[in-house]
Colleague: 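Following this message is one structure expressed as structure tokens.
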Amino acid sequence: MTIKEKIEFLREELSQHNYNYYVLDNATISDYEFDIKLKELEKLEEENPEFFDANSPTKRVGGGITKNFETVTHKNRMYSLDNSYSKEDLLDWEKRVQKNLGTTEIEYTCELKYDGASINLTYENGKFVSAVTRGDGFQGDDVSTNIRTIRSIPLSMKGDFLSDFEMRGEIILPLEGFHKMNEERISNGEEAYRNPRNTASGSLKLQDSAEVAKRPLDCLLYQVVTNERKYKTHFENLKEARRIGFKIPETIALAKSIEEVLEFVNKWDEKRHDLPYETDGVVIKVNALQQQEELGYTSKAPRWAIAYKFKAEQVTTVLNEITYQVGRTGAITPVANLEPVHLAGTTVKRASLHNADQIEKLDIRIGDTVYIEKGGEIIPKIIKVDLTKRAGNSQETIYATNCPECNSELVRTEGDAKHYCPNEFGCAPQITGRIQHFISRKAMDIDGLGGETVDLLRKEGLIKNYADLYELKEEVIIPLERMAEKSAKNMIEGIKKSKEIPFEKVLFALGIRFVGETVAKKLAKHFKSIDNLMSADLETLISVDEIGERIAQSILDFSNDPINIELIKRLKSYGVQLEVSKESLENQTDKLSGKVFVVSGVFHQMSRNELKKAIEDNGGKVSSSISKKTNFVIAGDNMGPSKLTKAQDLEIAIISEEDFIALIK
């Protein structure tokens, strides 16, 4: 056996032992024997560097240092899930699915909703390539070096599967491992970690992968993302993924109806406390991949999946005080300051009261004993008041009339649930909040600049608005508290690099009320520049697809404010991208303006995403469902029969991939 053959043999043998132990929970050799073989492989690799392999079992022990986690755009967006909390919610979802598909013949999969940190694993030619956190769904952080240390994640395939694909899953910290970690920390005089989910998430961003390797992290996988159509159902995808080495929980089940789904929910609502990891609900998915494609997505979530959340844990505590927070838009949020109480793995001291109407509806008063739960098991909220424990001298809550920060009189417009501070450019939290929004990842994505630093710069009088960022100099930043030459240099570099951020993200960064990411993209695409947008009248704005009067009026208010006009003028002078780039415009036409397309089936010359982008680049609109407004259906192989029938009934033009390419050429 040659040295190369010996190295490859040991790698394959150790990978199999890893799989037996960490996935099958069935060790076939002792830890001592495993370590001896691993050391033998390490020595051979060290002596023969020409046979280096980033996915070798020796890389599982860590050692790589990641100082800065690179931000990576997801090839396929990682959507969030719509939530449901009752049988009625699930029945409503089923009706929508049946209506969109035009059939009641639908099979579902039921999977436990794992409580950890979402991850996207990319494989090419049977080898692990990269691991990226969910982030905002559009882009996340590359944590590949740390992920290689998790032994239940295969670094190479054990058999024939797919050539190029992504695996979606959840990085978790099993309860037994979490408790052992805390026992060690407490015995060392350190503070215990609060809960497994946050600890797992924080572990992924440790700079030293050797430290990550020491933590008993695991990865439970739940979705295969690929353009290949080798398998016809989601269940089959996961079954085959399990066969070749991925850790797919055995708890997944098939269901023919919502009644069967509820049987699964009820079973695991009781048994979940016996599991070795935390779960907070069940994810229900349409099983057939063809039907998933037909259903498509909303702007936030797939139409073919929904999460059923187990009933949240409730506890009682005492409301000590109501304070008020000011957001970046001036919105006032009342906050309940509570007697600390343990809830769902964390100590809760505060809860949102939402608005004046909510306080009045529940008749919440200081000194009350209140029931709290975690909404979606994330944000604590007050559910009701225990009136039997209310004091006789209890006084009704009178909502704040003035801003807690600048004392401006609060305003509340008709039909709005929130009170607002109108002192937009003089109220400290609004100033800081707008700048923090401006620099955030979804907006200008400025590295080296965080929320605390923004507040420090404002307090020191160095910035009063986001345009001031572009006038900062290293020499004025270095003397500040917790600052150093390197930090200052990174900040200035990050601000300089933000000038390359495309117009649609800059538009979102400006913080115009009601203009979120999706709306900003539509406006940027339609108006092409900030000048065109700010000179548009109400009628022109409303004529843009999905732009209503409320958003239009907000844009007009922003555009007519002298301070905002001056800020935009300054941003232009610094070189910030306030119009669509020439490169982007070169690929865009109005050939399909006013036309609505539905894309269905499997294609060969272009992927579905490429087809959709081509439609939008040429002025058309993509819809996931067929209606009277649809102009064309681009039909690929295996187009959904219900869509085909509906298109024919409505006499909508059905064209091929080749027809579409000819249309835009």
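Numbers here are sequence positions counted from 1.
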Colleague: Any chance you could measure Arg134, atom CZ, to Arg168, atom CZ, to the nearest 0.5 Å?
Modeller: 9.5 Å

Colleague: When you measure from the centre of the six-membered ring of Tyr193, is the NZ or CZ of Arg185 closer than 6.0 Å and no more than 45° off the axis?
Modeller: yes

Colleague: Salt bridge check: are Lys75 and Asp164 linked by an N-O gap of less than 4.0 Å?
Modeller: no

Colleague: On a heavy-atom basis, which atom in Val598 and which in Lys643 lie closest, and how many Å separate them?
Modeller: CG1-NZ, 4.1 Å

Colleague: With side chain to side chain donor-acceptor pair (under 3.5 Å) as the test, pick out the partner of His234 among Gln223, Glu111, Lys239, Glu107.
Modeller: Glu111

Colleague: One thing to verify: whether Arg608 and Glu293 come together as a salt bridge, which I'm taking to mean a side-chain N less than 4.0 angstrom from a carboxylate O.
Modeller: yes

Colleague: Between Lys205 and Asp141, is there a side-chain N and carboxylate O pair less than 4.0 Å apart?
Modeller: yes

Colleague: First locate atom OG of Ser257, then atom CG of Leu90, and finally report the distance between them rounded to the nearest 0.5 Å.
Modeller: 11.0 Å

Colleague: Could you check whether Ser203 and Asn146, counting side-chain N and O atoms only, form a donor-acceptor pair closer than 3.5 Å?
Modeller: no

Colleague: Between Lys621 and Glu616, does at least one N-O distance fall below 4.0 Å, as a salt bridge requires?
Modeller: no

Colleague: Looking at Asp357, I want to see if its CG is surrounded by more than 12 non-hydrogen atoms of other residues, nucleotides or ligands under 6.0 Å.
Modeller: yes

Colleague: Between the side chains of Glu176 and Lys180, is the shortest nitrogen-to-carboxylate-oxygen separation below 4.0 Å, so that they form an ion pair?
Modeller: yes

Colleague: Centre of Phe138's six-membered ring, under 6.0 Å away, within 45 degrees of the axis: is that where NZ or CZ of Lys521 sits?
Modeller: yes

Colleague: Work out which heavy atom in Ser144 is nearest to a heavy atom in Ala131; give both atom names and the distance.
Modeller: OG-N, 2.9 Å

Colleague: Name the one of Thr316, Leu319, Val318 that satisfies side-chain contact (heavy atoms from CB on, under 4.5 Å) with Glu339?
Modeller: Val318

Colleague: Looking at Lys613 and Glu610, does any basic side-chain N land under 4.0 Å from a carboxylate oxygen?
Modeller: no

Colleague: Using ring centroids (six-membered ring only for Trp), state whether Trp93 and Tyr108 fall under 6.0 Å.
Modeller: yes

Colleague: Is the number of heavy atoms from other residues, nucleotides or ligands under 6.0 Å of Glu360 CD greater than 12?
Modeller: no

Colleague: Determine, using ring centers only, whether Phe246 and Tyr123 are less than 6.0 Å apart.
Modeller: yes

Colleague: Does the distance from a Lys or Arg side-chain N to an Asp or Glu carboxylate O, for Asp416 and Arg513, drop under 4.0 Å?
Modeller: yes

Colleague: Flag the pair Lys442 and Glu517 as a salt bridge only when some basic side-chain nitrogen lies within less than 4.0 angstrom of an acidic carboxylate oxygen.
Modeller: yes

Colleague: Quick check: do Pro249 and Tyr114 have side-chain heavy atoms less than 4.5 Å from each other?
Modeller: yes

Colleague: So which of Val225, Ile248, Leu289 actually passes side-chain contact (heavy atoms from CB on, under 4.5 Å) with Asn237?
Modeller: Leu289

Colleague: Answer with yes or no whether the side chains of Thr333 and Lys418 bring together a donor and an acceptor at under 3.5 Å.
Modeller: yes

Colleague: What heavy-atom pair brings Arg148 and Val129 nearest, and what distance separates the two atoms?
Modeller: NH2-O, 4.1 Å

Colleague: Quiz question: by atom type and distance under 3.5 Å, do the side chains of Ser625 and Asn100 form a donor-acceptor pair?
Modeller: no

Colleague: Just checking, Lys309 and Tyr85: is the charged tip under 6.0 Å from the six-membered ring centre and within 45° of the axis?
Modeller: no

Colleague: Kindly give the heavy-atom pair with the smallest separation between Pro302 and Tyr297, and that separation in Å.
Modeller: CA-CD2, 3.4 Å

